[in-house]
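Note sheet for the following structure.
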There are 2 protein chains.
Amino acid sequence: MLLNEDMTRALARDGLTVPRTHLLWMLHQQGASTQRALADALKVTPRNITGLVDGLTEAGYLTREPHPTDRRATLATLTPAGASLMDGIARGREVLAARLFGDLPADELRSFLDRIDLVTARLRAALHEAGRP
Amino acid sequence: MLLNEDMTRALARDGLTVPRTHLLWMLHQQGASTQRALADALKVTPRNITGLVDGLTEAGYLTREPHPTDRRATLATLTPAGASLMDGIARGREVLAARLFGDLPADELRSFLDRIDLVTARLRAALHEAGRP
DNA sequence: TATTGTTATACTCTATAACTATA
DNA sequence: TATAGTTATAGAGTATAACAATA
């Protein structure tokens, strides 16, 4: 919650929002993608991707390129501005992680992360059960 | 993220959304409140509270009651339906917490929580610095 | 027939600004 | 003058449904 609020404020300075940045982040991770693939990745309808891509195109962070073999599809592609923005965010994450966890001995970090993994797995199991009662 | 998605889906079954439920939760914690107080608590404009309270009133989870001494103000007040819904959520939280952490020895739970508190404090400090560079 | 992306429409959350009724 | 809440207006994110172009 703490992080989310700060991120929202910081992104606003670049004319971005959380969903738009999430989309850029996917492109940064997976490379140029069809809007269909982005809809699946962001768990959102294709109609929604149209709007996000429109906004990001206007802001200069990506472009729509024709798909090389499927003329129905377009490839959302980061511009240099979009790519360098994502590089900056990736670097910021590393710096923050180092600051938050960097001084922990490796074995303590391990056991901390293991505990988190365990709790996460239990949460997943609980939600799964609740899903089919 | 895992939790948020599931909560959103579960709430939708009761005709609720995350912000509306957050408002009900505040009333459950603090008792009947003015819309001004809710705006401060949810860190949202008063105009916004008007909309959330409208929706929740229509859904039968709360009512607007006159403030006993200030005729400008209204007190958002949980209906029995709203109160019992919040009681159910409070119970659900406890059950989930017990399932996620209930088997941990007290001292291990303590050190786990201490570590989380430390990381949170560092995060807060980092954000604070970033705020005034 | 099925899939990709778009247009059309609608709802929720959010914000700012102007206004009314009270304090 | 200042405060509580509303109306007016606008923008972003989300969804469903209908449609065009292409597979």
Side-chain angles (χ1 to χ4, degrees), chain A residues 1 4-27 32-59 61-77, chain B residues 1 4-27 32-59 61-77:
Chain A
M1 322 185 180
N4 200 349
E5 280 173 32
D6 179 76
M7 261 180 46
T8 303
R9 220 168 329 141
L11 292 173
R13 285 201 289 268
D14 288 307
L16 283 173
T17 62
V18 169
R20 286 180 192 185
T21 308
H22 192 178
L23 193 157
L24 291 182
W25 186 250
M26 285 298 151
L27 294 182
S33 309
T34 64
Q35 296 187 193
R36 177 71 226 184
L38 290 169
D40 293 340
L42 303 192
K43 287 187 192 138
V44 130
T45 62
R47 173 61 184 92
N48 229 302
I49 300 296
T50 300
L52 298 176
V53 168
D54 284 350
L56 288 165
T57 298
E58 196 171 349
Y61 292 122
L62 59 75
T63 58
R64 284 183 170 97
E65 302 297 335
H67 190 286
T69 65
D70 187 339
R71 288 198 299 177
R72 295 170 304 179
T74 66
L75 285 177
T77 309
Chain B
M1 324 191 179
N4 200 349
E5 280 173 32
D6 180 75
M7 261 179 46
T8 304
R9 219 167 331 139
L11 292 173
R13 286 200 287 270
D14 288 306
L16 283 173
T17 61
V18 169
R20 285 180 192 186
T21 308
H22 191 179
L23 193 156
L24 290 181
W25 186 250
M26 285 298 150
L27 294 182
S33 310
T34 64
Q35 298 189 190
R36 176 73 226 184
L38 290 170
D40 293 340
L42 303 193
K43 288 188 191 135
V44 130
T45 62
R47 172 59 184 93
N48 230 302
I49 300 295
T50 300
L52 297 176
V53 168
D54 283 351
L56 288 165
T57 299
E58 195 172 348
Y61 292 122
L62 58 76
T63 59
R64 283 183 170 95
E65 302 297 335
H67 190 287
T69 67
D70 186 339
R71 287 198 300 176
R72 296 170 304 177
T74 66
L75 286 176
T77 309

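To find a chain, count down the sequence lines: A is the first, B the second, and so on, and within it residues start at 1.
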Separation between OG1 (A/Thr17) and CG (A/Leu56), nearest 0.5 Å, reads 7.5 Å
Closest approach of A/Leu75 and A/Pro66, non-hydrogen atoms and distance?
CD1-O, 4.4 Å
N/O donor to acceptor pairs below 3.5 angstrom from side-chain atoms of residues 41-49 of chain B, sequence neighbours left out:
| residue | atom | partner | partner atom | Å |
| --- | --- | --- | --- | --- |
| B/Thr45 | OG1 | B/Asn48 | N | 3.4 |

Quick one: is B/Thr50 getting a side-chain N or O under 4.0 Å of the D/dT6 phosphate, OP1 or OP2?
yes
Using salt bridge (charged side-chain N to carboxylate O under 4.0 Å, His left out) as the criterion, list what pairs up with B/Arg36, not counting sequence neighbours.
B/Asp40
Whole angstrom value for the distance that separates P of D/dG11 from CG of A/Asp54
15 Å
Residues touching DNA chain D, which here means a heavy atom under 4.0 Å, drawn from residues 5-25 of chain B
none
Please name the pair of heavy atoms, one in B/Ala76 and one in B/Leu27, separated by the smallest distance, quoted to 0.1 Å.
O-CD2, 3.5 Å
Assess the residue pair B/Thr34 and B/Thr74 against the criterion (side chain to side chain contact (heavy atoms under 4.5 Å, CB included)); give the C-alpha distance rounded to whole Å, side-chain angles, the decisive distance to 0.1 Å, and a yes or no.
CA-CA 6 Å; B/Thr34 64; B/Thr74 66; over 6 Å; no
Mind listing the residues from residues 38-46 of chain B sitting with a heavy atom below 4.0 Å of DNA chain C? Number order is fine.
B/Val44, B/Thr45
OG1 of A/Thr57 to CG of A/Leu52: how many Å apart, nearest 0.5 Å?
10.5 Å
Using nucleotides 17-23 of chain D, report all nitrogen or oxygen pairs with the protein that are shorter than 3.5 Å.
| residue | atom | partner | partner atom | Å |
| --- | --- | --- | --- | --- |
| D/dA23 | OP1 | A/Arg71 | N | 2.8 |

CG/B/Leu11 to CG/B/Asp6 distance, rounded to the nearest 0.5 angstrom?
9.0 Å
Check every nucleotide of DNA chain C for an atom under 4.0 Å from a heavy-atom of chain B, then give the first and the last such nucleotide from 5' to 3'.
C/dT12 to C/dA23
Rounded to the nearest 0.5 Å, what separation is found between the CG atom of B/Leu23 and the CG atom of B/Leu62?
6.5 Å
What does A/Ile49 touch in the nucleic acid at a heavy-atom separation under 4.0 angstrom: a base, only the sugar-phosphate, or nothing?
nothing
Just to confirm, is there a sub-4.0 Å distance from OP1 or OP2 of D/dG13 to any side-chain nitrogen or oxygen of A/Asn48?
no
Side chain to side chain, B/Leu24 and B/Leu16, heavy atoms closer than 4.5 Å:
yes
When you check the gap from the basic side-chain N to the acidic O, do A/Arg64 and A/Asp54 get nearer than 4.0 Å?
yes
